[in-house]
Amino acid sequence: MSITGKVVLVTGAGQGIGRGIALRLAHDGADIALVDLDQTKLDAVADEIRQIGRRATTFIADVSDRAQVHAAVEHAHSELSGFDVIVNNAGIALVGPISDATPEEVSKIWSVNVDGVLWGIQAAAAKFQALGQRGKIINASSIAGHDGFAMLGVYSATKFAVRALTQAAAKEYASDGITVNAYCPGVVGTDMWVTIDKRFAELTGAPEGATYEKFVGGIALGRAETPDDVAGFVSYLAGPDSDYMTGQAGLIDGGLVYR
Ligand code: ADP
């Protein structure tokens, strides 16, 4: 397989899309460094990866902390004897009208979704450069990084920012043989969407589940997205078939027409 033996670090790998990406890349032959905030969740995913027959290592890091992200990259390299790909996947949501956003909320989501990706880009690129090798950086944007969604304005802003970092980093690191791309999921039925739906219900009086169903009803392909739907595209971005692609932010949203 094309990514057999590659070492991939995935942030936010304890559940949801990050877990799906980690498992898919392991199935495709990669060894995985799993990074998240919760050791119990990471241990469970690491066990699943070992059952697939690949190596896994875990590291607790808050991606909003630059030093912790650099330490995570060092851990991946030393434990798995290599470092080829980083997937800057960790993220959080914020639901609410722009008029209600507080400085604390905005700082928090920005520090995870944008700073976290920035530190991941920096740490990975520095490591690839130090090793004198090519590498791939893959960042989590969103359909909300292509369109500003009502009640998700600050979240959307963070995901637009990830696209900006992806484009700029692609240009800055191209001469080092480092590619930088992003994936942009639509409506994925993870805990994040449970949180988003509940918050919409609190704020708008909509019944619980109604907002999720409304968004899913706007998907041209007629069903919610799964982590596996995202992971297949990330596997492509991690592998040699995407070697000539850089600076792109691919939508994988089932043709979401409701916005
Ligand atoms: P998604 O739909 O993106 O998969 P989830 O909320 O299900 O959403 O998963 C996001 C993952 O990112 C969780 O495992 C969460 O613990 C992780 N995460 C969130 N914030 C951070 C952070 N600051 N540092 C590391 N991991 C984080």
Side-chain angles (χ1 to χ4, degrees), residues 9-25 32-46 48-49 56-73 75-76 86-95 104-124 138-145 149 152 154-156 158-159 162 182-200 211-212 215-216 219 224-234 252-254 256:
L9 186 159
V10 183
T11 69
Q15 66 177 48
I17 296 170
R19 171 179 168 274
I21 290 169
L23 293 176
R24 168 63 195 258
L25 296 181
I32 315 290
L34 304 156
V35 175
D36 207 306
L37 299 168
D38 183 303
Q39 188 66 50
T40 309
K41 284 185 193 165
L42 285 178
D43 286 342
V45 182
E48 291 183 277
I49 288 172
T57 187
T58 66
F59 193 82
I60 296 290
D62 178 343
V63 297
S64 67
D65 184 310
R66 187 172 184 263
Q68 289 183 36
V69 177
H70 279 260
V73 167
H75 173 87
I86 190 167
V87 184
N88 293 308
N89 166 80
I92 57 174
L94 175 63
V95 180
E104 294 75 22
E105 287 173 333
V106 174
S107 297
K108 169 72 185 169
I109 191 170
W110 205 267
S111 73
V112 178
N113 293 10
V114 185
D115 298 356
V117 169
L118 173 57
W119 306 145
I121 292 170
Q122 275 187 350
I138 304 171
N139 301 324
S141 180
S142 165
I143 177 68
F149 282 68
L152 289 164
V154 179
Y155 176 78
S156 290
T158 66
K159 295 301 183 177
V162 169
Y183 55 97
C184 303
V187 183
V188 188
T190 60
D191 278 4
M192 184 180 283
W193 248 102
V194 173
T195 310
I196 290 172
D197 180 80
K198 279 201 173 123
R199 192 73 186 122
F200 262 90
T211 305
Y212 178 70
F215 272 87
V216 171
I219 298 171
E225 187 166 353
T226 68
D228 282 346
D229 292 320
V230 184
F233 181 54
V234 174
I252 170 148
D253 66 351
L256 188 63

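Whatever order the structure lists them in is the order used to number ligands and atoms, beginning at 1. One-based numbering along the sequence shown. Reckoned from all heavy atoms, side chains included, excluding hydrogens, waters and symmetry mates.
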Pairing residues for D62 by the salt bridge (Lys or Arg N to Asp or Glu O under 4.0 Å) criterion, not counting sequence neighbours
none

Non-hydrogen side-chain atoms of Y155 and S142 separated by less than 4.5 Å:
yes

Which residues pass the salt bridge (Lys or Arg N to Asp or Glu O under 4.0 Å) test with E48, not counting sequence neighbours?
R19

Return a table of donor-acceptor pairs under 3.5 angstrom between the side chains of residues 182-192 and protein atoms on other chains or two or more places apart.
unit_1: Y183; atom_1: OH; unit_2: N89; atom_2: OD1; d: 2.8
unit_1: T190; atom_1: OG1; unit_2: M192; atom_2: N; d: 3.3
unit_1: D191; atom_1: OD2; unit_2: Q15; atom_2: NE2; d: 3.4

Residue by residue, ordered by chain and number, which ones reach under 4.0 Å of ligand 1 with a heavy atom?
G12, Q15, G16, I17, D36, L37, A61, D62, V63, A90, G91, I92, V112, T190, D191, M192

Please check if any side-chain donor atom of D229 sits under 3.5 Å from a side-chain acceptor atom of T226, or the reverse.
yes

Taking the inter-plane angle between the rings of F200 and F215 on a 0 to 90° scale, is it parallel (under 30°), tilted (30 to 60°) or perpendicular (over 60°)?
perpendicular

